[in-house]
Amino acid sequence: MKRIRIGLGIFLTIILISFSAHAEFKEHGGFAEGQILVKFRADTLPSMIERINRSHRTEVEDVIPGINVHVLRIPPGIGVSEMVKRYNEEVSVEYAEPNYIAYAILDVNDPYFGLQWG
């Protein structure tokens, strides 16, 4: 019985933390306006990527190294959710999503943080 109470307490704590983190995320706006992130399939040729971007009138702002995700600027007048939908309908796209903004919800409490090397 004691194990069940401890397990239930841990479970409820995790749920409460996740709700507060979700509320913090929603409060700050959620994603960068005018940008989306697109991951093209590995077998997609650069010329095909250029053609897709040109057809949607987007501009490549950056490519995130290591994961090869394209940060795209979308044209004015088209919403982020609409452009994400359009890219996700492309056969050559693995996924497209808004450029979500993450915020730190805790301050560093290490007095020597500024002295650290990395």
Side-chain angles (χ1 to χ4, degrees):
M1 186 67 172
K2 186 175 181 180
R3 286 185 182 183
I4 293 174
R5 282 189 213 165
I6 292 172
L8 184 59
I10 291 171
F11 176 74
L12 290 175
T13 301
I14 291 170
I15 295 297
L16 289 173
I17 289 171
S18 66
F19 279 131
S20 66
H22 180 70
E24 181 78 16
F25 175 76
K26 287 289 188 184
E27 178 182 316
H28 291 292
F31 56 84
E33 286 295 326
Q35 281 186 345
I36 63 170
L37 302 177
V38 177
K39 170 77 172 172
F40 291 93
R41 298 196 187 281
D43 60 347
T44 306
L45 298 173
S47 60
M48 180 60 98
I49 292 172
E50 288 177 28
R51 187 196 63 74
I52 292 169
N53 290 340
R54 194 172 35 251
S55 73
H56 293 294
R57 299 179 304 139
T58 58
E59 295 178 28
V60 178
E61 288 190 349
D62 196 11
V63 177
I64 301 171
I67 59 174
N68 202 29
V69 170
H70 295 238
V71 180
L72 302 179
R73 170 69 51 195
I74 63 175
I78 300 177
V80 170
S81 59
E82 174 63 26
M83 191 58 74
V84 165
K85 180 181 173 222
R86 291 180 188 183
Y87 267 88
N88 278 322
E89 290 172 351
E90 294 282 347
V91 175
S92 298
V93 171
E94 191 170 321
Y95 66 85
E97 64 186 19
N99 189 1
Y100 291 106
I101 300 171
Y103 295 92
I105 57 175
L106 297 175
D107 290 329
V108 177
N109 63 358
D110 182 356
Y112 297 106
F113 182 76
L115 301 175
Q116 293 182 16
W117 173 74

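Sequential numbering from 1 along the given sequence is applied to the chain's residues. Excluded from the calculations below are hydrogen atoms, water molecules and symmetry mates; all remaining heavy atoms, backbone and side chain alike, are included.
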- Not counting sequence neighbours, list each pair that qualifies as a side chain to side chain donor-acceptor pair (under 3.5 Å) and has a residue in residues 36-50. none

- Query: How far does CZ of R51 sit from CD1 of I49, to the nearest 0.5 angstrom?
  - Reply: 11.0 Å

- Message: Given 3.5 Å as the limit, does a donor-acceptor pair link the side chain of D62 with the main chain of I64, or not?
- Response: no

- Answer with yes or no whether the hydrophobic clustering places V63 together with I36; edges join I, L, V, M, F, W, Y residues whose side-chain heavy atoms lie under 4.5 Å apart. yes

- Message: So which atom in A96 and which in V93 form the shortest heavy-atom distance, rounded to 0.1 Å?
- Response: N-CG1, 4.1 Å

- Please state whether the rings of Y87 and H56 are parallel, tilted or perpendicular, taking 30° and 60° as the class boundaries. tilted

- Message: Is there a path of hydrophobic side-chain contacts, each under 4.5 Å between heavy atoms of I/L/V/M/F/W/Y residues, joining I52 to V38?
- Response: yes

- Query: Hey, are the side chains of N53 and F40 touching, using non-hydrogen atoms and a 4.5 Å cut-off?
  - Reply: yes

- Item | Verdict with reasoning, H70 to T58, per side-chain contact (heavy atoms from CB on, under 4.5 Å) | CA-CA 11 Å; H70 295 238; T58 58; over 6 Å; no

For residues 71-84, which side-chain donor-acceptor pairs fall under 3.5 Å, sequence neighbours excluded?
| unit_1 | atom_1 | unit_2 | atom_2 | d |
| --- | --- | --- | --- | --- |
| R73 | NE | E61 | OE2 | 2.6 |
| R73 | NH1 | E33 | O | 3.4 |
| R73 | NH1 | G34 | O | 3.2 |
| R73 | NH2 | E61 | OE2 | 3.1 |
| E82 | OE2 | R86 | NE | 3.0 |

- Item | Distance (rounded to the nearest 0.5 Å) between L37 CG and Y95 OH | 7.5 Å

